[in-house]
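Comments concern the structure below.
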Amino acid sequence: MPVPIRRLIVALTVCCALLAGATAYGSVSGSKSTDTAAVAYPYAATPSPSTTVEKQKLAKTRFVANAGLAAGAAYEWIVKPWKAGKFKKGTHGRTGTLIKAGLAGAFAYNRLQAAKRNAQGDPLLSKALAPLTASIDGLKSLPSKLRKGDGNAAGSFDDVINKVKDAGNSAGAPVHDKVPSAGQLTGG
């Protein structure tokens, strides 16, 4: 089906005008400014710092999500193998279990630190979690304790997770175990 010549001319003119306008607008001669976003979009809104109200938005929800992931990882790859006796020396598959427990421990520690930051956005949660900050920070040495064969290390991890769950429940933010995927464990 043939296209009328007038349509082709209009389309070509519009394309050229847009191309010429974009290149003329995007390049500023003689300007050595490194802020290309301000040059390309002079009327764009600049980011402003978050207010304390915005920082506290969804603090309980974030706390529940992070603490749930930490609890799920700790239970699945640290507490269950510990109760099954898979951390004892000479046990078949001990090395793989220790590797998984180390990854899960690092992941759970990271998520507990995030949950601790989220709890600071809610007054009830911050009061409930304040006594547990030293216990959460003490979990950093878990992988080395497990390698040495310390049987109480996994138990102390389980105790801290249960205390965090109880603190969440007392502040109106019930925490349920959510087992993370292997991608979440290795990806951080």
Side-chain angles (χ1 to χ4, degrees), residues 49-188:
S50 300
T51 63
T52 54
V53 173
E54 290 172 348
K55 286 181 183 176
Q56 292 179 3
K57 194 173 186 179
L58 302 173
K60 279 188 180 181
T61 305
R62 291 176 180 168
F63 169 80
V64 168
N66 286 320
L69 284 170
Y75 182 75
E76 185 69 26
W77 289 294
I78 297 171
V79 176
K80 269 179 37 178
W82 169 62
K83 287 182 178 179
K86 293 187 177 188
F87 293 138
K88 294 180 182 173
K89 290 185 179 180
T91 306
H92 179 68
R94 178 177 185 257
T95 305
T97 305
L98 283 174
I99 291 170
K100 289 176 189 175
L103 282 173
F107 178 80
Y109 176 75
N110 182 309
R111 292 297 85 207
L112 284 175
Q113 290 293 340
K116 189 169 71 170
R117 284 190 304 273
N118 296 140
Q120 293 170 352
D122 185 71
L124 282 175
L125 275 174
S126 63
K127 284 181 187 176
L129 212 62
L132 300 176
T133 56
S135 300
I136 291 171
D137 292 337
L139 296 177
K140 197 171 192 174
S141 61
L142 174 76
S144 64
K145 289 181 181 179
L146 287 175
R147 273 193 308 271
K148 292 177 184 174
D150 185 3
N152 296 329
S156 65
F157 204 94
D158 191 32
D159 290 341
V160 171
I161 293 289
N162 287 332
K163 287 177 184 175
V164 169
K165 284 179 165 181
D166 292 340
N169 285 337
S170 69
V175 176
H176 303 286
D177 292 2
K178 181 172 180 351
V179 179
S181 68
Q184 286 176 313
L185 276 182
T186 58

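These figures come from a predicted structure and were not determined experimentally. Values below: all heavy atoms of this structure, side chains included; hydrogens, waters and symmetry mates excluded.
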Considering all heavy atoms of both residues, which atom of [X] and which atom of [Y] are nearest to each other, and what is their separation?
X	Y	answer
Leu125	Ala59	CD1-O, 4.5 Å
Ala128	Pro131	O-CD, 3.5 Å
Ile161	Ala71	CG2-CB, 3.6 Å
Leu132	Ala167	CD1-CB, 4.1 Å
Leu129	Ala115	CD2-O, 4.2 Å

Partners passing salt bridge (charged side-chain N to carboxylate O under 4.0 Å, His left out) against [X] (at least two apart in sequence or in another chain):
X	value
Lys80	Glu76
Asp159	none
Lys116	Asp137

Side chain to side chain contact (heavy atoms under 4.5 Å, CB included) with Ala65: which residues, sequence neighbours excluded?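 Applying side chain to side chain contact (heavy atoms under 4.5 Å, CB included) to Ala65 gives none.
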Just jot down the side chain to side chain contact (heavy atoms under 4.5 Å, CB included) partners of Pro180, sequence neighbours excluded, or say none.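 In terms of side chain to side chain contact (heavy atoms under 4.5 Å, CB included), with neighbours along the sequence ignored, Pro180 is linked to Leu69, Ala73, Trp77, Phe107, Gln184, Leu185.
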Between Asn162 (side chain) and Asp158 (backbone), is there a donor-acceptor pair under 3.5 Å?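 Checked: pair present.
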Is Arg111 reaching over with its side chain to a backbone N or O of Ala67, donor-acceptor style, under 3.5 angstrom?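 No: the side chain of Arg111 does not pair with the backbone of Ala67.
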Starting at CD of Gln113, measure out to CG of Leu139 and round the result to the nearest 0.5 Å.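 Here the rounded value is 9.0 Å.
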For a side-chain contact (heavy atoms from CB on, under 4.5 Å) check, start with the C-alpha distance between Val164 and Val175, then their side-chain angles and the critical distance, and finish with the verdict. CA-CA 8 Å; Val164 169; Val175 176; 5.5 Å; no
Checking side chain to side chain contact (heavy atoms under 4.5 Å, CB included) against Pro81, which of Lys86, Arg94, Lys100 comes through?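 By the side chain to side chain contact (heavy atoms under 4.5 Å, CB included) criterion, Pro81 pairs with just one of Lys86, Arg94, Lys100: Lys86.
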Apply the test side-chain contact (heavy atoms from CB on, under 4.5 Å) to residues Val79 and Phe157: give CA-CA distance (whole Å), side-chain angles for both, the deciding distance (0.1 Å), then the verdict. CA-CA 8 Å; Val79 176; Phe157 204 94; 5.7 Å; no
According to side chain to side chain donor-acceptor pair (under 3.5 Å), does anything in residues 164-182 pair up with another residue at least two apart or in another chain? List the pairs.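 Qualifying pairs: Lys165-Asp177.
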Under the criterion side-chain contact (heavy atoms from CB on, under 4.5 Å), I'd like the reasoning laid out for Val160 against Ile136: C-alpha separation, chi angles, the key distance, then a yes or no. CA-CA 7 Å; Val160 171; Ile136 291 171; 4.1 Å; yes
Checking Leu58 against Asn118 for the side-chain contact (heavy atoms from CB on, under 4.5 Å) test, could you report, in this order, the C-alpha distance in whole Å, the side-chain angles of both residues, the deciding distance, and whether it holds? CA-CA 9 Å; Leu58 302 173; Asn118 296 140; over 6 Å; no
